Every structure is written in structure tokens, then in C-alpha cells.
Amino acid sequence: MILSYVRTIILYLALIISVRLMGKRQVGQMEPSEFVVTMLVANLASIPMQDEGIPLFSGLVPILTVLGVELVLAGLTLKSIFVRRLLCGKPVILIENGNILQSNLRKTRVTMDELAGHLREKDVLDISSVQFAILETNGNLSVFPYPKERPATAAEAGIQTKKQYMPITIIEDGYVSKENLQEAGKDAAWLDRVLAQRKTSRKETLLLTVDKSDHIMWIPRGDGA
Amino acid sequence: MKRSWLGLGILAALLVLGFWVQHYSQSLHKPVVDALKKAQTAAAEEDWEQTEKLVKQAEKHWHSAMNIRSAVCDHDYLEQINEGFASLKVWRHAKDPAATAALCAELVSRIEALEEAQKLSLRNVL
């Protein structure tokens with residue numbers, strides 16, 4: 001039992017490091033090569049985890065090999081359009097000026113049901129209102145309705161908008177981030193003042209954020225607040 | 001691009017490690033195989049003192065790098081060879097020349113097969 005425990009920890013750590021090095025991307029946004037690598041790595045790790053008869057290196061070496069190949073290919077993908085096209089394919093236009101390009105639909109093996117489903121996900125019911133629909137290399141469908149069909153942006157509607165700032169977390173779960181406090185240009189005295197105004201303490205704070213316009217958001221701990 | 005170099009480094013390191021393991025396991029197995037072959041001849045000639053000495057020598061070499069073997073070789077296969085050495089002790093004490101020589105030959109072929117399995121050859125790749 002202890003053997004399985006130790007082996008699982010080693011392989012688990014190897015997986016975490018591999019995935020971290022591959023970069024932070026959502027599963028749904030994976031390129032084909034990344035998806036394959038993720039599937040492979042997960043399967044490669046599980047076999048030596050379960051079977052103690054398989055040497056540990058038989059699990060580690062393939063994972064590291066897959067990681068090495070993935071890193072090299074990712075670098076080549078950045079440098080070479082040819083390799084990028086080879087590994088990731090290229091985006092395909094499925095709808096152009098309201099017309100479905102059936103040959104591209106066949107080429108990409110996307111059925112009408114799937115296309116309609118993707119469009120509904122983008123709140124589009126009428127295909128003729130779509131100027132372009134492009135099937136991206138990660139399998140997502142980008143939909144661009146005609147400008148007249150799109151909701152107006154604030155700029156188009158002539159609406160004055162407020163500046164938007166990134167909130168910086170000062171307290172999370174009762175712990176003060178000194179680094180973020182410094183980044184926000186504040187100090188401990190300011191924090192004590194803010195908490196005193198709200199008649200609370202650091203320990204009683206679930207979340208406290210501040211942005212460049214000095215807008216403070218404070219959420220206390222507990223349901224009753 | 002830094003990550004590509006890291007990937008290339010990992011692949012190169014694994015390649016070097018792979019060749020080193022292949023070379024090292026050959027050098028590990030050679031003294032075991034040599035001693036067992038001599039023990040086979042000694043057992044056939046019913047020279048039990050020499051057989052005992054050679055088998056112990058082979059066993060010592062076999063167990064000397066068990067951790068490295070366990071890291072790269074199939075554990076079930078290693079267990080079979082360990083059992084073979086245990087059986088060899090029984091036949092040696094029984095002073096059965098045919099059975100001892102046959103078991104020595106079997107162990108030699110198993111260890112050579114283990115070594116063969118580590119080799120980078122088209123057959124193994126396929």
C-alpha cells in the first residue's frame with residue numbers, strides 16, 4: 001500500500017509540473033495537439049499508478065518525453081506558420097454574408113444541427129443575420145452578425161462611460177496581502193482606518209478590494225452580514 | 001522560445017539517460033551471466049565447490065544493483081529471476097547436476113532476455 005502511495009505522489013507531482021509548464025489554458029480552449037498531450041499524459045500516469053509491477057521509470061519517462069515534445073512543438077508552432085498549420089489546422093469560414101458554405105461544412109464534418117447549436121449558443125437564431133461564422137482551430141465558433149444586427153456599443157450609442165480599474169485584493173479570508181497593499185499605494189494605517197469605518201477587523205473580513213479610483217469593496221465573514 | 005529549449009533539453013537528457021541505462025544494464029548483467037555460465041559447466045562436471053562459489057558470485061552481482069534494475073525492468077520478470085536463484089540453491093544442495101545446470105542455463109537466458117528488452121533495436125521498437 002505504501003508503495004502505491006509513494007508512486008502516486010511522484011507521478012502526481014510529475015503531472016502537475018508537466019501541466020504547469022504547458023501553460024495555463026482552459027480545457028475547452030485547447031488546440032488539438034494540447035488536447036492530445038493532456039489525454040496522453042493522464043493515461044500514461046494512471047497505468048504505473050495502478051500496477052506496481054510496472055517500473056516507475058515506465059511512467060515517468062513517457063510523461064517527460066511527451067512534455068519535451070510538446071514544448072519543442074509549441075516553440076516551433078510560434079516560429080513557423082507551416083508547423084502551426086500542420087499541428088493546429090487553420091480557421092474555416094462556415095458562414096459568409098449570411099450564406100452557409102456547404103463545402104467547408106463537409107470539409108470540417110460539422111453537421112447543420114451542430115452549426116445551429118453553436119449559433120444558438122451565441123444567441124443567433126436567424127442564419128441570414130450572420131455576416132461571418134468562423135470555426136476556430138480550437139473547435140470554437142466565432143460568430144459575427146451584421147453590424148445592424150449587433151447590440152450597439154457604448155461608443156456607438158454615444159454614452160459616456162466611467163473609467164474601469166482593476167480591483168486589487170487587500171484582505172482575503174482574513175489575511176492581509178502586504179504586497180498588494182503596496183501595489184495599491186496604501187499602507188497599514190489606511191487599512192486600519194478603512195476597517196474602523198466599517199467597525200470591523202482584519203479577521204472578520206472575507207474580502208476587501210480597492211481600485212485606483214479608491215473604490216472599496218468589503219465583504220465580511222459569515223452569512224449574517 | 002525558452003520553453004522549447006527546455007523541451008529540447010528534456011528530450012536530450014532522456015535520450016542520454018536511455019543510452020546510459022542500456023549500457024549500464026549490459027555492464028551489470030555481464031558478470032552475472034559469465035558466472036552463471038561457468039557455474040553451469042561446473043555443475044555438469046559435478047564440481048560442487050566451484051558451482052557454489054560461482055553461483056554465490058552471480059547472486060551477489062545480481063543483487064548489487066537491484067534498485068536500478070527495479071527502476072527500469074519489469075518487476076514480475078525480476079521476481080522470476082529472483083525465484084530462479086532461490087530454486088538454484090535447492091538443486092545445488094540436492095547436488096543434482098542436470099537440474100542445476102539446466103536452471104543455470106535458464107537463468108542465463110532470462111537475464112539475456114532482460115538485457116535484450118532494454119536494447120534500442122527495431123524489433124523492440126516495433
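Residue numbering restarts at 1 for every chain, and letters A, B, ... go by the order of the sequence lines. On a predicted model such as this, the values are computed, not experimentally measured, just so you know.
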Heavy-atom pairs under 4.5 Å with chain B - which of A:I54, A:V61, A:T65 has more of them than the others? A:T65

With B:E112 via salt bridge (Lys or Arg N to Asp or Glu O under 4.0 Å) - residues at least two apart: B:K37

Heavy-atom distances under 4.5 Å only: say whether B:L78 touches chain A with side chain, backbone, both or neither. neither

Scored by heavy-atom pairs under 4.5 Å with chain A, the best of B:V72, B:D76, B:L17 is B:V72

Report which part of A:L56 has an atom under 4.5 Å of a heavy atom belonging to chain B: side chain, backbone, both, or neither. backbone

Heavy-atom distances under 4.5 Å only: say whether B:L14 touches chain A with side chain, backbone, both or neither. side chain

Measure across B:A101 and B:Q40 and return the closest heavy-atom pair with its distance rounded to 0.1 Å. O-CG, 3.4 Å

For A:T111 and A:D113, test the side chains for any donor-to-acceptor distance below 3.5 angstrom and give the result as yes or no. no

Ion pair check, B:K56 and B:E52, cut-off under 4.0 Å: yes

With salt bridge (Lys or Arg N to Asp or Glu O under 4.0 Å) as the rule and sequence neighbours excluded, what pairs involving residues 166-188 of chain A come up? A:D173-A:R221, A:K186-A:D214

